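Let me begin by presenting the structure, written as structure tokens, before commenting on it.
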Amino acid sequence: MERKEGAALSLIVVTGGVRSGKSRFAEELAAQAGSPVLYVATGQVWDEEMKQRIERHRARRPRDWGLAETNGTLSMALPQMERYPVVLLDCLSTWISTRLMSVPEASWRDEAISRALMDEAEQWLDAACSGGRTVIAVTSEVGLGGVAMTKLGRWFADVLGDVNQLAARRADTVYAVLAGIPWRIKG
């Protein structure tokens, strides 16, 4: 694949299961890539447990990193990215789950919503990967488990699986993190 003028120095996708160490590994990659780094956070405080998860991530990050909170919309981070040679998005799966949780049950599995999320992911990747920066995108792998027992769970797996495939196809490098051990599976 030929690199476009002004395209990202590299797009790196880091995937793995929940608590696999993927975020920590992605943070290490971002620190090695150079500074300044913009951390694009997709998590939102829904309850005390999520608040504690977010606090652990904050405490781990270097204080000199920039922060863009998406509040459910990836494009909110785009204006800040212009000033940063390294962008770390953590994570696509949290972004998808946040968006799907706001959809009324009567609209679950709506193809227009699924397509809109794919389009938003693609537009964010286009914008993030322009300008010659390094982009690291973290996501959870949904393809290793069984089929979810709920309609919302199956929709989440389908949409995230499609977004993950899109990001991985475009990526120069893909890592899968298992039990804290990163495996390079592309690039």
Side-chain angles (χ1 to χ4, degrees), residues 8 11-31 33 36-62 65-84 86-103 113-130 133-143 148 152-153 155-168 170-171 174-177:
L11 170 59
I12 302 166
V13 172
V14 178
T15 189
V18 175
R19 304 289 296 166
S20 64
K22 64 189 178 294
S23 292
R24 185 181 306 273
F25 175 67
E27 291 162 4
E28 292 169 4
L29 288 175
V37 174
L38 176 65
Y39 185 93
V40 179
T42 63
Q44 294 185 20
V45 176
W46 297 104
D47 56 28
E48 186 59 33
E49 188 270 337
M50 191 62 176
K51 180 180 178 184
Q52 291 173 6
R53 283 179 178 268
I54 290 170
E55 287 303 318
R56 279 194 303 271
H57 280 247
R58 282 182 182 150
R60 240 186 6 232
R61 289 194 303 268
W65 284 12
L67 175 64
E69 295 177 327
T70 64
N71 295 322
T73 306
L74 291 179
S75 62
M76 290 184 73
L78 295 176
Q80 287 179 270
M81 289 188 327
E82 297 303 316
R83 301 187 313 265
Y84 291 89
V86 180
V87 174
L88 170 55
L89 170 70
D90 194 3
C91 73
L92 288 168
S93 48
T94 302
W95 166 67
I96 295 285
S97 64
T98 298
R99 293 294 292 276
L100 294 184
M101 286 175 49
S102 69
V103 175
I113 295 170
S114 299
R115 183 72 241 157
L117 289 168
M118 281 294 292
D119 290 346
E120 185 175 350
E122 190 164 25
Q123 290 166 9
W124 187 86
L125 285 166
D126 287 345
C129 293
S130 67
R133 67 183 61 85
T134 296
V135 177
I136 303 164
V138 178
T139 190
S140 293
E141 180 54 51
V142 292
L152 180 58
W155 189 29
F156 168 76
D158 290 347
V159 173
L160 182 57
D162 289 343
V163 169
N164 285 352
Q165 289 178 52
L166 168 72
R170 295 184 62 167
V174 178
Y175 289 96
V177 181

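Position 1 is the first residue of the sequence; numbering continues from there. In this text the structure is predicted, and so the values were computed from the model without any measurement.
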Discussion item. Give me the atom names and distance for the closest heavy-atom approach of Gln80 to Leu67.
Written reply: NE2-O, 3.1 Å
Fill in: salt bridge (Lys or Arg N to Asp or Glu O under 4.0 Å) partners for Asp47, two or more places apart
none
Worksheet item: Do Met118 and Arg115 touch side chain to side chain, with heavy atoms closer than 4.5 Å?
Response: yes
Fill in: Ser114 OG to Arg99 CZ distance, which is reported to the nearest 0.5 Å
11.5 Å
Worksheet item: Rounded to the nearest 0.5 Å, how far apart are CD1 of Ile96 and CG of Asp158?
Response: 11.5 Å
Worksheet item: Taking all atoms of both residues into account, what is the closest heavy-atom pair of Ala26 and Val14, and its distance?
Response: CB-CG2, 4.2 Å
Worksheet item: Out of Ile136, Val87, Val135, which one pairs with Leu11 under the side chain to side chain contact (heavy atoms under 4.5 Å, CB included) rule?
Response: Val135
Worksheet item: If you look at every heavy atom in Ala148 and Gly153, which pair is closest and at what distance?
Response: CB-C, 3.4 Å
Worksheet item: Which pairs count as side chain to side chain donor-acceptor pair (under 3.5 Å) when at least one residue sits in residues 66-77, sequence neighbours excluded?
Response: Arg58-Glu69
Fill in: Val37 and Tyr84, any side-chain heavy atoms less than 4.5 Å apart
no
Item to complete: To the nearest 0.5 Å, tell me how far Arg170 CZ sits from Asp126 CG.
Response: 4.5 Å
Discussion item. Is it true that, when you exclude Arg24 itself, more than 12 heavy atoms of the residues, nucleotides or ligands shown sit nearer than 6.0 Å to its CZ?
Written reply: no
Fill in: CD-CD distance between Gln52 and Glu55, expressed to the nearest 0.5 angstrom
9.0 Å
Item to complete: Please list, chain by chain and in numerical order, all residues satisfying salt bridge (Lys or Arg N to Asp or Glu O under 4.0 Å) with Glu141, sequence neighbours excluded.
Response: none
Worksheet item: Can you find a pair of side-chain heavy atoms, one from Val86 and one from Leu88, that are under 4.5 Å apart?
Response: no
Discussion item. Tell me every residue that passes ring-ring contact (aromatic ring centres under 6.0 Å, His included) with Tyr175, counting only those two or more places apart in sequence or in another chain.
Written reply: Phe25
Worksheet entry | Nearest-0.5 Å distance that lies between atom CE in Met81 and atom SG in Cys129 | 8.5 Å
Worksheet item: Ser93: what forms a side-chain contact (heavy atoms from CB on, under 4.5 Å) with it, not counting sequence neighbours?
Response: Cys91, Thr139, Ser140, Phe156, Leu160
Discussion item. For a 4.5 angstrom cut-off between non-hydrogen side-chain atoms, does Arg133 reach Arg83?
Written reply: no
Discussion item. Tell me the closest heavy-atom pair linking Leu92 and Ala137, and the distance in Å.
Written reply: CD1-CB, 4.4 Å
Worksheet entry | Heavy-atom closest contact (Val18 atom, Lys22 atom, distance) | CA-NZ, 3.9 Å
Worksheet item: Quick one: are Leu89 and Trp95 in side-chain contact, heavy atoms under 4.5 Å?
Response: no
Discussion item. Checking Arg19 now: which residues fulfil side-chain contact (heavy atoms from CB on, under 4.5 Å) with it, not counting sequence neighbours?
Written reply: Arg53, Arg56
Worksheet item: Under 3.5 Å, is there a donor-acceptor pair between the side chain of Trp65 and the main chain of Pro36?
Response: no
Worksheet item: Which heavy atom of Val13 sits nearest a heavy atom of Ala167, and at what distance?
Response: CG2-O, 3.7 Å
